[in-house]
Amino acid sequence: MTLPNFSAPPTDLVHQLSDQKLVQNDARFETLYGGRTNQVWKVLGGDGDRVLKLYGSSLQNPLFRNDAALEARCLTALEPTGFVPRLCAAGGYHADHWVLYDHAPGTPWDDDPAPVAWLLWQLHQSSVRVAAPAGCNGSADLAGHGQDILDLCAPETRDKLLSLRPNHAVAPTAKLCLIHGDPVPGNILVAASGLTLIDWQCPALGDPCEDLAMFLSPAMQLLYRGGPLEGDQENRFLSAYGEPDVLSRYEQLRPWFAWRMAAYCLWRMENGAPDYERGFQLEVEALC
């Protein structure tokens, strides 16, 4: 489920923003595509283009939170880094919420993975701290999270995946940091000036391996750019990230991340998103 595909924001929301002098009375809006939960528009004109995101609350996603207040906090805290858009304002609209931020130049990532690795390394090394929920940390957390997702699926479709669950234990790490939580290709904009990381609605204080696994996920790469990474692309990404301890930990946790992502793809398939079927198959193949 997603928000209705408005070609422009609701009229009363536009009036609300206009009354607050956040958009011009004659502002023009261009629908932006790529997100799978929220409605997003490019606001044209004024003193520079901006992005208006109206959050949807119709579907409770078991893997990706959708927290407007958390996104606003992250954009504010990370503005000095230069790799996030500048937040202009945030507010409420009936039962939902919105954020308004400067439009970042660029196109969704689809080529060299090394700059993405560098971007995530910068985030994970940052001293910026945001009050964010805890992410999954270790195999026990991933097992529990994956099971919670499977519990939402039909019994006849989840049995095979339950039989493929990894059985090796990986202890939690004490080296936690702010992670994006959803660094898929559509959330990484590439421009001549550098990379911008957008869509901060599900960050966490957690294991940096979560971000590595999300970017490398065959299902997410398929959904956002048409296919999984090739082996040499994955190797370039990992080499560029560096941090041998983190990479060693990621390799231990890789099957657990694949198993949880397969559970998520199964849940999406059962909730009206048939495009996740091939992603489910890819994640299962990564397990076998």
Side-chain angles (χ1 to χ4, degrees), residues 17 22-24 27-36 38-53 68 70-90 98-130 132 177-203 208 210-212 214-217 220-221 223-226 229 232-243:
L17 298 175
L22 295 172
V23 303
Q24 296 181 327
R28 294 177 295 119
F29 298 89
E30 175 184 295
T31 301
L32 296 177
Y33 298 97
R36 294 172 175 267
N38 303 311
Q39 193 71 25
V40 187
W41 300 270
K42 185 177 181 180
V43 186
L44 305 173
D47 58 355
D49 295 341
R50 293 175 174 174
V51 171
L52 172 64
K53 180 191 294 187
L70 195 48
E71 174 157 27
R73 291 201 300 272
C74 285
L75 294 184
T76 299
L78 290 166
E79 182 179 346
T81 67
F83 57 69
V84 301
R86 184 185 69 89
L87 179 70
C88 301
W98 55 265
V99 295
L100 182 73
Y101 53 84
D102 285 349
H103 180 262
T107 55
W109 177 86
D110 189 30
D111 189 15
D112 184 2
V116 178
W118 171 244
L119 175 68
L120 293 177
W121 183 87
Q122 287 180 285
L123 169 63
H124 299 158
Q125 296 296 315
S126 171
S127 60
V128 172
R129 290 293 176 262
V130 176
C177 62
L178 179 65
I179 61 174
H180 181 274
D182 190 18
V184 295
N187 290 339
I188 303 164
L189 301 180
V190 182
S193 56
L195 273 58
T196 304
L197 196 50
I198 62 172
D199 283 358
W200 285 84
Q201 60 258 20
C202 56
E210 286 248 31
D211 277 347
L212 305 188
M214 192 60 66
F215 177 75
L216 294 172
S217 162
M220 294 296 102
Q221 288 288 336
L223 288 162
Y224 283 95
R225 53 183 292 275
L229 295 177
D232 61 328
Q233 289 179 304
E234 182 171 324
N235 290 337
R236 286 205 307 274
F237 173 83
L238 294 172
S239 177
Y241 185 86
E243 299 297 329

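Any value given below was found using the heavy atoms of this structure, including those in side chains, with hydrogens, waters and symmetry copies removed.
- Side-chain contact of W41 with E30: a donor-acceptor pair under 3.5 Å is absent, judged by distance alone.
- The CD atom of E71 sits 5.5 Å away from atom CD of Q201, with the distance rounded to the nearest 0.5 Å.
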- Message: If you apply the rule side chain to side chain contact (heavy atoms under 4.5 Å, CB included), what do you find for W200 with L78, and how did you get there?
- Response: CA-CA 11 Å; W200 285 84; L78 290 166; 3.4 Å; yes
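- Between L178 and P203 there is a side-chain heavy-atom pair separated by less than 4.5 Å.
- To the nearest 0.5 Å, atoms CG (L197) and CZ (F83) are separated by 7.0 Å.
- Of all non-hydrogen atoms in P185 and R225, the two that sit nearest each other are CG-CD, 4.0 Å.
- Here the CG atom belonging to L22 is positioned 7.0 Å from the CZ atom belonging to R50, to the nearest 0.5 angstrom.
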- Item | side chain to side chain contact (heavy atoms under 4.5 Å, CB included) between E243 and W121, worked out | CA-CA 9 Å; E243 299 297 329; W121 183 87; 2.9 Å; yes
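- Around CZ of R28, the count of heavy atoms belonging to other residues, nucleotides or ligands within 6.0 Å does not exceed 12.
- Among all heavy-atom pairs drawn from I198 and G186, the shortest one is CD1-O, 3.9 Å.
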- Might you work through the side chain to side chain contact (heavy atoms under 4.5 Å, CB included) test for L32 and V51, ending with a clear yes or no? CA-CA 9 Å; L32 296 177; V51 171; 4.1 Å; yes
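- By the 4.5 Å heavy-atom criterion applied to side chains, P183 and L120 are counted as neighbours.
- For the pair V43/Q24, no side-chain contact is recorded, criterion being any heavy-atom separation below 4.5 Å from C-beta on.
- Taking the side chain as every heavy atom from C-beta outward, F237 and L212 approach each other to under 4.5 Å.
- Applying the side-chain hydrogen bond (donor to acceptor under 3.5 Å, both in side chains) criterion to W118, with sequence neighbours excluded, gives Q122.
- The minimum heavy-atom distance linking P113 with R236 is given by the pair CD-NH2, 3.4 Å.
- You'll find the side chain of F215 reaches within 4.5 Å of the side chain of V116, heavy atoms only.
- Between the CG atom in D199 and the CG atom in D182 there is a gap of 7.0 Å [rounded to 0.5 Å].
- A donor-acceptor pair under 3.5 Å links the side-chain atoms of D211 to the main chain of G181, judged by distance alone.
- With T76 contributing its side chain and A72 its backbone, the two residues share a donor-acceptor pair below 3.5 Å.
- Heavy-atom minimum distance, P105 versus L189: O-CB, 3.9 Å.
- For the pair T196/I188, no side-chain contact is recorded, criterion being any heavy-atom separation below 4.5 Å from C-beta on.
- In terms of heavy atoms, D112 sits closest to P115 at O-CD, 3.2 Å.
- Between L75 and R86 the shortest side-chain heavy-atom distance does not fall below 4.5 Å.
- Contact between Q39 and T31 at its shortest, heavy atoms only, is NE2-CG2, 3.9 Å.
- For the atom pair CD (E79) and SG (C74), the distance works out to 13.0 Å, reported to the nearest 0.5 Å.
- L229 CG to E234 CD: the interatomic distance, rounded to the nearest 0.5 Å, is 6.5 Å.
- With a 4.5 Å cut-off on side-chain heavy atoms, V130 and L70 count as touching.
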